[in-house]
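Before any comments, here is the structure.
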Amino acid sequence: MTTAGDIMHRGAQWIPAHETLDRAAQLMRELNVGALPISDENERLCGILTDRDIVIGCVAMGHDPARVTAGEMAHGTPRWIDANADVGDVLREMQDHQIRRLPVIENKRLVGMISEADLAQHLTEEQIADFAHSVYARGTTR
């Protein structure tokens, strides 16, 4: 059985909810990623911040990314998957919620992220096609 832990990208890092978006953008650049999980003061997942969120939700709205926090950009219920979950569960979670990045948690700690690139490297062509159809055919904005 292939698990979330088998296909995830290791080394994911939180951005604390109190950090500003300019710091989040710097961290994204340093890590070469387009999204960061947002953590509350207890290191629990409270959202995901994407580079698009910073541009569309802050900069394009005329706000100062040095004054807006990651926590202010966290909306909705964050989704995650356990590291031991089957890859089929990963696909269902991402498809059902139309998400393109999924934090992986083990023992209440962030251990990785699963992105579309990770899926492309580890799934069959049929699985990838089903995923793409279910996520993109419905017109998600995440």
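In this structure, Leu27 and Gln13 have side chains that are in contact, with non-hydrogen atoms separated by less than 4.5 Å. Side-chain atoms of His122 and Thr2, non-hydrogen and from C-beta on, never get closer than 4.5 Å to each other. The closest side-chain heavy-atom distance from Leu123 to Val87 is below 4.5 Å. Side-chain contact between Met28 and Ile54 is present, with heavy atoms from C-beta onward closer than 4.5 Å.
Grouping the Ile, Leu, Val, Met, Phe, Trp and Tyr side chains by contacts below 4.5 angstrom, directly or via other members, places Met113 apart from Ile99. Residues Ile81 and Val111 share a hydrophobic cluster, clusters being chains of Ile/Leu/Val/Met/Phe/Trp/Tyr side chains in contact below 4.5 Å. Side-chain heavy atoms closer than 4.5 Å link hydrophobic residues (I, L, V, M, F, W, Y) into clusters, and following such links, even through other members, never connects Trp14 to Val33. If you chain together hydrophobic residues whose side chains sit under 4.5 Å apart, Leu31 and Met73 fall into the same group. Following chains of ILVMFWY side-chain contacts shorter than 4.5 Å, one cannot reach Met8 starting from Leu45, and the two form parts of different hydrophobic clusters.
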Practice item. For Leu102 and Arg79, run side-chain contact (heavy atoms from CB on, under 4.5 Å): C-alpha distance rounded to whole Å, both residues' side-chain angles, the deciding distance at 0.1 Å, then the answer. Key: CA-CA 7 Å; Leu102 187 62; Arg79 308 306 306 181; 4.1 Å; yes
Practice prompt. Kindly indicate, with the supporting measurements, whether the criterion side-chain contact (heavy atoms from CB on, under 4.5 Å) is fulfilled by Met94 and Leu119.
Written response: CA-CA 11 Å; Met94 293 176 82; Leu119 295 178; 4.0 Å; yes
(Q) Between Asp89 and Glu93, does the side-chain contact (heavy atoms from CB on, under 4.5 Å) criterion hold? Intermediate values first, please. (A) CA-CA 6 Å; Asp89 295 331; Glu93 185 71 17; over 6 Å; no
Q: Could you walk me through whether Arg109 and Glu43 pass the salt bridge (charged side-chain N to carboxylate O under 4.0 Å, His left out) test, one step at a time?
A: CA-CA 8 Å; Arg109 292 286 192 225; Glu43 290 194 359; 3.0 Å; yes
Quiz prompt | Step-by-step side-chain contact (heavy atoms from CB on, under 4.5 Å) determination, Asp53 to Ile48 | solution = CA-CA 9 Å; Asp53 293 333; Ile48 301 267; 5.8 Å; no
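Using modelled atom types, one side-chain atom of Asp40 and one backbone atom of Arg44 make a donor-acceptor pair closer than 3.5 Å. The main-chain N or O of Ser115 is found under 3.5 Å from a side-chain atom of Asp118 such that the two form a donor-acceptor pair.
Other residues, nucleotides and ligands contribute only 12 or fewer heavy atoms inside 6.0 Å of the CE atom of Met61. Within 6.0 Å of CD on Glu30 lie more than 12 heavy atoms contributed by other residues, nucleotides or ligands.
Pairing each heavy atom of Ala24 with each of Ile15, the nearest pair is CA-CD1, 3.9 Å. Taking each heavy atom of Ser39 and Cys46 in turn, the nearest pair found is C-SG, 3.8 Å. Taking all atoms of both residues into account, the shortest heavy-atom contact from Thr20 to Pro65 is CB-O, 3.6 Å. Residue Ile38 comes nearest to Ala74 through the heavy atom pair CD1-CB, 3.9 Å, listed as atom of the first residue, atom of the second, then distance.
Separating the CG atom in Asn84 from the CG atom in Asp6 is a distance of 9.0 Å, to the nearest 0.5 Å. One distance of note links NE2 of His9 with CD of Gln121; it measures 10.0 Å at 0.5 Å rounding.
The side chain to side chain donor-acceptor pair (under 3.5 Å) pairs that include a residue from residues 58-73 are Thr69-Glu72, where partners are two or more places apart or lie in different chains.
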